[in-house]
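Beneath this line is the structure, given in structure tokens, with notes to follow.
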Amino acid sequence: MTPRFVLGRIGFYTLIAVLLAFFTVPLLWLVTAPFTSDPTYEVRMPDFTWENFQAVVEHPYALPSLWNSLVLSVGTALLVVVLAALAAYALSRVRLPGRDALLYALLLLSSIVTGTAAMVPLFQLAVELNLIDSQLGLILILSGGLLPAAIFMLKDFVDSTPQSYEESARVFGASPLQIVRHVVVPLVRPGLATIAVWAVANVWGNFLMPYLLLSDVEKQPAAVITYTLYTEGGQANLRMLSTFGLLYSVPVVLMYLFVSKKYGFRFHGGIKR
């Protein structure tokens with residue numbers, strides 16, 4: 001091996017080590033700080049105390065905010081999955097003029113006109129429809145923002161499913177909705193799981209829209225409540241932030257592991273013809 005090759009390998013592994021440390025150290029702090037009686041910004045061995053968790057339990061809005069996040073995330077994911085499945089099936093099976101152009105236009109516009117860019121008109125629309133301080137209104141707005149990308153991803157799964165199965169079901173008198181429910185959905189189940197996890201992750205970490213549309217602190221999700229876990233002087237309450245951050249991360253990680261083990265994550269779907 002030449003010295004140039006050896007130096008290149010050393011530089012490569014050094015870069016990998018630096019990147020691993022960059023991502024690993026914050027995770028180590030998140031895992032150890034909640035079990036430390038007096039956490040700092042340093043990663044150190046915890047003394048395995050449960051006082052921090054007791055403080056989070058006694059907080060009037062911490063645990064309820066996790067429930068609010070669950071309601072918003074699951075509600076949005078269900079709405080997005082159902083509507084995206086129906087729309088993707090229709091766009092896949094019905095031959096419409098300019099179908100692909102329409103789909104790409106929706107995806108492009110949803111990427112350019114994000115929730116932040118449409119913040120003012122969305123807020124005005126919520127006011128006109130009396131959806132301010134309504135979790136249902138927030139679910140509808142978040143679902144609308146996620147639907148174009150969800151339809152685009154799910155359409156590939158539907159395109160890859162053989163139409164002969166649907167034709168056989170149609171011969172036996174199945175209606176279009178029955179075909180979608182009993183034939184198409186089982187075949188594209190990995191895609192539905194991927195869309196569901198993607199939707200939950202987007203809503204779970206969303207701060208801006210809940211902060212604008214939910215003024216009642218009892219309805220606000222964990223992403224907004226985290227903003228309040230500071231002292232009166234503006235300093236971060238590391239005991240509360242670290243413990244609440246760990247509890248805030250666990251549901252999404254468990255959901256990801258469960259869905260990944262059962263279905264796997266793919267952005268192409270169907271079965272081999």
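Residue indices begin at 1 and follow the sequence shown.
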Among Glu51, Glu42, Arg44, Arg239, find the residue that satisfies the side chain to side chain contact (heavy atoms under 4.5 Å, CB included) test when tested with Thr36. Arg44
Please determine which of Asp133, Leu72, Asn68, Leu212 meets the side chain to side chain contact (heavy atoms under 4.5 Å, CB included) test together with Leu138. Leu72
From [X] atom [atom1] to [Y] atom [atom2], the distance as rounded to the nearest 0.5 Å:
| X | Y | atom1 | atom2 | answer |
| --- | --- | --- | --- | --- |
| Leu140 | Ser134 | CG | OG | 8.0 Å |
| Leu142 | Thr76 | CG | OG1 | 5.0 Å |
| Ser175 | His182 | OG | NE2 | 8.0 Å |
| Leu15 | Ile10 | CG | CD1 | 14.0 Å |
| Ile151 | Ser92 | CD1 | OG | 12.5 Å |
| Arg189 | Thr194 | CZ | OG1 | 13.0 Å |

Considering all heavy atoms, the nearest [X]-[Y] contact:
| X | Y | result |
| --- | --- | --- |
| Ser249 | Leu30 | OG-CD2, 3.9 Å |
| Ala196 | Ala77 | O-CB, 3.9 Å |
| Ile141 | Ala126 | CD1-CB, 4.3 Å |
| Met119 | Leu208 | SD-CD2, 4.0 Å |
| Phe172 | Ser168 | CD1-O, 3.0 Å |
| Pro34 | Ser242 | CG-O, 3.4 Å |

Test side chain to side chain contact (heavy atoms under 4.5 Å, CB included) applied to Thr226 and Leu241, step by step: CA-CA 7 Å; Thr226 303; Leu241 280 175; 3.8 Å; yes
Donor-acceptor check, side chain of Thr243 to backbone of Met240, threshold 3.5 angstrom: yes or no? no
Results of ring-ring contact (aromatic ring centres under 6.0 Å, His included) for Tyr248 - residues two or more places apart only: Trp204
For Trp50, which residues count as a ring-ring contact (aromatic ring centres under 6.0 Å, His included) partner, sequence neighbours excluded? Phe35, Phe53
Taking the side chain as every heavy atom from C-beta outward, state whether [X] and [Y] have any atom pair closer than 4.5 Å.
| X | Y | value |
| --- | --- | --- |
| Met45 | Thr32 | no |
| Ile179 | Tyr89 | yes |
| Glu166 | Val184 | yes |
| Ile195 | Met153 | yes |
| Phe244 | Asn52 | no |
| Gln220 | Asp216 | no |
| Pro210 | Pro221 | yes |
| Val183 | Gln178 | no |

Please answer: with hydrophobic residues joined when any side-chain heavy atoms are less than 4.5 Å apart, are [X] and [Y] in the same cluster?
| X | Y | value |
| --- | --- | --- |
| Leu79 | Leu129 | no |
| Phe22 | Tyr41 | no |
| Leu146 | Val81 | yes |
| Leu125 | Leu147 | no |
| Val82 | Val180 | yes |

Quick one: do Val217 and Val224 satisfy side chain to side chain contact (heavy atoms under 4.5 Å, CB included)? Show the steps, please. CA-CA 9 Å; Val217 68; Val224 178; over 6 Å; no
Does atom CG of Leu254 have more than 12 heavy-atom neighbours, drawn from other residues, nucleotides or ligands, at distances under 6.0 Å? yes
Take a 6.0 Å sphere around OH of Tyr211 and say whether it holds more than 12 heavy atoms from other residues, nucleotides or ligands. no
Please determine whether side chain to side chain contact (heavy atoms under 4.5 Å, CB included) holds for the pair Leu187 and Phe157, giving the CA-CA distance in whole Å, both sets of side-chain angles, and the decisive distance to 0.1 Å. CA-CA 8 Å; Leu187 295 177; Phe157 285 86; over 6 Å; no
Is it the case that Gln54 and Glu58 place a side-chain donor and acceptor less than 3.5 Å from each other? yes
What's the verdict on side chain to side chain contact (heavy atoms under 4.5 Å, CB included) for Leu66 and Leu70, showing C-alpha distance, side-chain angles and the deciding distance? CA-CA 6 Å; Leu66 292 174; Leu70 184 64; over 6 Å; no
